[in-house]
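All of these numbers come straight from a predicted model, not from anything done at the bench. The basis for the numbers below is simple: all heavy atoms, side chains too, and nothing from hydrogens, waters or symmetry mates.
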Number of protein chains: 4
Amino acid sequence: MNDKKLQIIQAAIKLFGDRDYHTTSVQDIVSLAGVSKGAFYLHFHSKEELLIAVFSYYMDGQSIYLKEIQSNSSLTPREKIINAIQFQCQVIMGDQDFLSMHMKGIAFMNNTVKEMMIDHSMQTVRWMEQQILELYGPEIAVHSFDCANLLNGMLKEYFFYFIVYAHPINSQQLAEYLMNRMDDIAYGIMNKPTSPILYATLICPEQSQAITKETWLQKAHSVKDWIEANTDSTKSTETMVQSMDAIIQEALKEQPNQIIIKGMYNYLISLANGNPGIIEKLTLLFEGQK
Amino acid sequence: MNDKKLQIIQAAIKLFGDRDYHTTSVQDIVSLAGVSKGAFYLHFHSKEELLIAVFSYYMDGQSIYLKEIQSNSSLTPREKIINAIQFQCQVIMGDQDFLSMHMKGIAFMNNTVKEMMIDHSMQTVRWMEQQILELYGPEIAVHSFDCANLLNGMLKEYFFYFIVYAHPINSQQLAEYLMNRMDDIAYGIMNKPTSPILYATLICPEQSQAITKETWLQKAHSVKDWIEANTDSTKSTETMVQSMDAIIQEALKEQPNQIIIKGMYNYLISLANGNPGIIEKLTLLFEGQK
Amino acid sequence: MNDKKLQIIQAAIKLFGDRDYHTTSVQDIVSLAGVSKGAFYLHFHSKEELLIAVFSYYMDGQSIYLKEIQSNSSLTPREKIINAIQFQCQVIMGDQDFLSMHMKGIAFMNNTVKEMMIDHSMQTVRWMEQQILELYGPEIAVHSFDCANLLNGMLKEYFFYFIVYAHPINSQQLAEYLMNRMDDIAYGIMNKPTSPILYATLICPEQSQAITKETWLQKAHSVKDWIEANTDSTKSTETMVQSMDAIIQEALKEQPNQIIIKGMYNYLISLANGNPGIIEKLTLLFEGQK
Amino acid sequence: MNDKKLQIIQAAIKLFGDRDYHTTSVQDIVSLAGVSKGAFYLHFHSKEELLIAVFSYYMDGQSIYLKEIQSNSSLTPREKIINAIQFQCQVIMGDQDFLSMHMKGIAFMNNTVKEMMIDHSMQTVRWMEQQILELYGPEIAVHSFDCANLLNGMLKEYFFYFIVYAHPINSQQLAEYLMNRMDDIAYGIMNKPTSPILYATLICPEQSQAITKETWLQKAHSVKDWIEANTDSTKSTETMVQSMDAIIQEALKEQPNQIIIKGMYNYLISLANGNPGIIEKLTLLFEGQK
DNA sequence: TATGAATGAGCATTCATTCAT
DNA sequence: CATGAATGAATGCTCATTCAT
């Protein structure tokens, strides 16, 4: 990621946290970031896009961390959950700016951001669910989604006291405490005939409800930016970026020509030249397409 | 409440729910409410005041309901909690507009509203704590505040699914379910040596050390009136009254300058010239100030 | 001065002359100046600031001219006065817009502008007084201020006929005429025992007891800096500095609350804890205050 | 004059003096006057009409006083002038509200008011001129208008110090002082060959330049009000008021039918039934008509 | 690339005037 | 006659976005 872009994002995080999105002007952001207004619009097409970038910045960090924990085979499921809780506590305590933004919940008028946050929440809760399943075994099965949400809800409540009353969080103690409460709940549920409340499959069937064109475009942009930032600036990088632009242009049309998009996708894959990061991103972006 | 005022509040609730405070213009509100812009400012001094009115409108309703339940001696504590949960579910289901607003959490830039919401949250959780104490008896004591918050957090998570995914809530089922989880947690806590995380007394010592600015202002006014009424009408009385006015003016600001308030307090004490009545009043008024 | 800024000022002069400040909208001004509304606020923070700029624009011109005349040793005092009268006539005839604005006297609601005009009037009259003193010698002494004002008043009356009835001014003839009237008056006064009416020293003792807010603020700042630099950096230093800031903030307001300033002064004295340096500085700063 | 109307005018004088016309709202005025907004519009057709009424109220008072002095044969011309100066000082000192309004000079955007003020100034200065003529005899003749204006200008300058610096006016001393200055000037002028600057006849030929329809209508309204207020409420009063209304209606038309106006005027004179006040007013109103 | 002056649509708020009661 | 709730055009000001340099 470009240096200036990062500066801008960090300034935005600080300001969106202190005040909020609407009460922070682009001028405020560029002043704090020490860049010009022109430069801002060189990196972001709009203030809204910055907001999206800010969220991506954080969520990506969290998602990566959760994936790392999960693939760490030296941890037990219980340890993984505790670890994840502690991680979230650290984030909140270490980055109040963003946190206070995050606590503002789904407030951001912007639909893309709303969807991103909902997606991210769901991802996190599904992650929790996986660990819970592994921890308590198949007996918890139908309740695993409820449990993940109960745990999530309990955790957030403590965050509230940290933000609002500055009540300190001892993340290790809190993680253990909540894990114990999870145990109480899990064994309580398993020992009594209980009907679950939520079913993950009902809420997010097949893990991905129909994406809107808008969110797809946002993702396409972020893939493009990722390619730009994460490849050596060679000829093929440039070509890939241009190809992504062409795809975005096409997708923006009322009736995009699917054959162009498919063709360009194919071309991009060939340009990727086996680079697994790029291929993964592209695959994720295009697989849901119809 | 005036007819038009209500129309305006209801339009605002709808629009603040759909978009949010900042993206809703006064014109939008009055157009939907079917009143003129002039009429708006006849009922509210500012857009901000409307926001406050909207929140009061809901919070007052909830507070009243909780008080009614509590004083209903024909209900057991368990029934009271279940009742309260069901009530909150009903509100949310019946008034998605407001709810989606509420879910925006403590997002509202406005400090008054933020304080109102925090106050209200605290009130609700303290109410829950009372019922929990009665329900599980003195053994739960040090844990009662944690329990109330855990219950609260779990409940909110289900609201999230209702709002975001329109997942239906069967309020009776959910209330029973959460009550059972509360049991699981409560008995789990009581059966294992457990350190509590939050102490109500730390957060809001003596039930509400966190005096609201509003009540403080009322007290300040009454002190001013007292001074006016109980001193000989000398030059210094007049100066004291003016000083109180200046303090009140300063305190009314969004971000009062503490140094002015301290300085003026000091000045008042010097003007009091040893008069014990005045000094006592002033000390009581200012001792909680930081 | 920036090109656009000048365009705006000139448009404003025209419009403020035609109608007046209140009935001229910012839109009117920018339309005439041929700039956008945004550009206006790029150059002026508010409409009020423009008004101030407009007055400064003219007054500065006059002040500079008067200084030039005065230091021109090739002119006799009589010639200087005649020159100044002619200059004022030229200004008025050349710039009816501004003149008609100026004739509106101290009407402009704005306190800053009012003070500026009064200051400027006083400066002009004091300038006249100097020349009169030189012209008629020490015998006129106690009457010089009255004379300057009489001359001033007579002159203005002719401006009135120019503005209202477009009665042409022959500036040379008028200057000579008024100079003769001044002679009549001066010799009349000196030849008869006469008590003066106005004493400059009563109205602006020591040439400017009527300290402007601006200079007072400068002094306040320097006292603050002195405190900061000359005390041990203790808690009370910090509090004193904050108190000075609060006072300055208050003084900056259109209508400072005197009670706050008095109160804070009292507080500062108590914080000074007998330190003679601080007390002296504070006393000097505040003793002129009413 | 109606009671409420007076209350409103007095409230307006106070407020227009404190702030100014534009920054005083109708609401402010009716609140201070203790009448309803509806009542305001019952007495005045617009805020502007009130402004006119306020000025008339004062100017009429002054005009009447000047007439009284003039016809008081026990006073010498010198005494008359001194008397008039003293009177003006009294007015200013006694009624700062209005004065501060008056000092705002010809600021009032409103053309009718501007014309009224100019008319009034001219009347006053012509009055002065008369006395000066009588005082200094035919020798002053061509200079009398200049002299009247010089005196006027000098006087106003002292008012300035009263208003701005609250410099007290000793009206007797000031009147004598200015009279002496007038003597200095008059004898100075008469003893030296001097060309006058202003000629009254050039400026206001035949005492009345073309009246605008607007000012005529204002006068018509005030005549109507005067009739309403100053006659017994008999049948004929009502008829006269209705007749005035009819005339005003006619005059408001693009092309008023002169025959109607003449006829109604004739009718009014007959209704006046010899009442000299009414006849004078009507004559004054209609004599300039073409 | 980078800048920041320029744009103008949009906003909250005010207030003279009207009119149903 | 009297009221004051209602109206809506008009105003000062902000700020996301553009673009000449």
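- The CD atom of B/E48 sits 13 Å away from the C1' atom of E/dT13 (whole-angstrom rounding).
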Exercise for the section: Just do the side chain to side chain contact (heavy atoms under 4.5 Å, CB included) check on D/I29 and D/F44 with the steps written out, would you? Expected result: CA-CA 12 Å; D/I29 296 164; D/F44 302 95; over 6 Å; no
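- Rounded to 10°, the angle separating the first-five-pair axis and the last-five-pair axis of the helix from E/dA2-F/dT21 to E/dT21-F/dA2 equals 10°.
- First and last contacting nucleotides of DNA chain F toward chain A (any atom under 4.0 angstrom from a heavy atom, 5' to 3' order): F/dA16 to F/dT18.
- The side-chain tip of B/K47 does not point at the ring of B/F40 from less than 6.0 angstrom away and within 45° of straight on.
- Under the 3.5 Å distance criterion, the side-chain polar atoms of C/Q7 are matched with a main-chain donor or acceptor of C/A33.
- Put simply, the side chain of B/F16 reaches to within 4.5 Å of the side chain of B/L50, judged on heavy atoms.
- Within the 4.0 angstrom heavy-atom criterion, only backbone atoms of the sugar-phosphate kind lie near B/H43; the bases stay farther away.
- A straight line from CZ of D/F40 to P of E/dA16 spans 8 Å, rounded to a whole angstrom.
- In this structure, B/Y21 contributes its side chain and B/E48 its backbone to a donor-acceptor pair below 3.5 Å.
- When the P atom of E/dT7 is taken as reference, atom OH of A/Y41 falls 17 Å away, rounded to whole Å.
- Among the atoms of the strands shown, base atoms are found under 4.0 Å from some heavy atom of B/K37.
- Within the 4.0 angstrom heavy-atom criterion, only backbone atoms of the sugar-phosphate kind lie near B/T24; the bases stay farther away.
- Put simply, CG on D/L15 is 13 Å from P on E/dC15, counting in whole angstrom units.
- What you find for A/D28 and A/T23 is that their closest heavy atoms are OD2-O, 4.1 Å.
- For the atom pair A/K37 NZ and A/S25 OG, the distance stands at 7.0 Å (nearest 0.5 Å).
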Exercise for the section: Take B/H22 and A/D20 through the test side chain to side chain contact (heavy atoms under 4.5 Å, CB included) and record every step on the way to the result. Expected result: CA-CA 10 Å; B/H22 278 111; A/D20 74 9; 3.9 Å; yes
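- A pairwise comparison of heavy atoms in A/K4 and A/H43 identifies CB-NE2, 3.7 Å as the closest pair.
- Rounded to whole angstrom, the span from the CD atom of C/Q7 across to the C1' atom of E/dT7 amounts to 15 Å.
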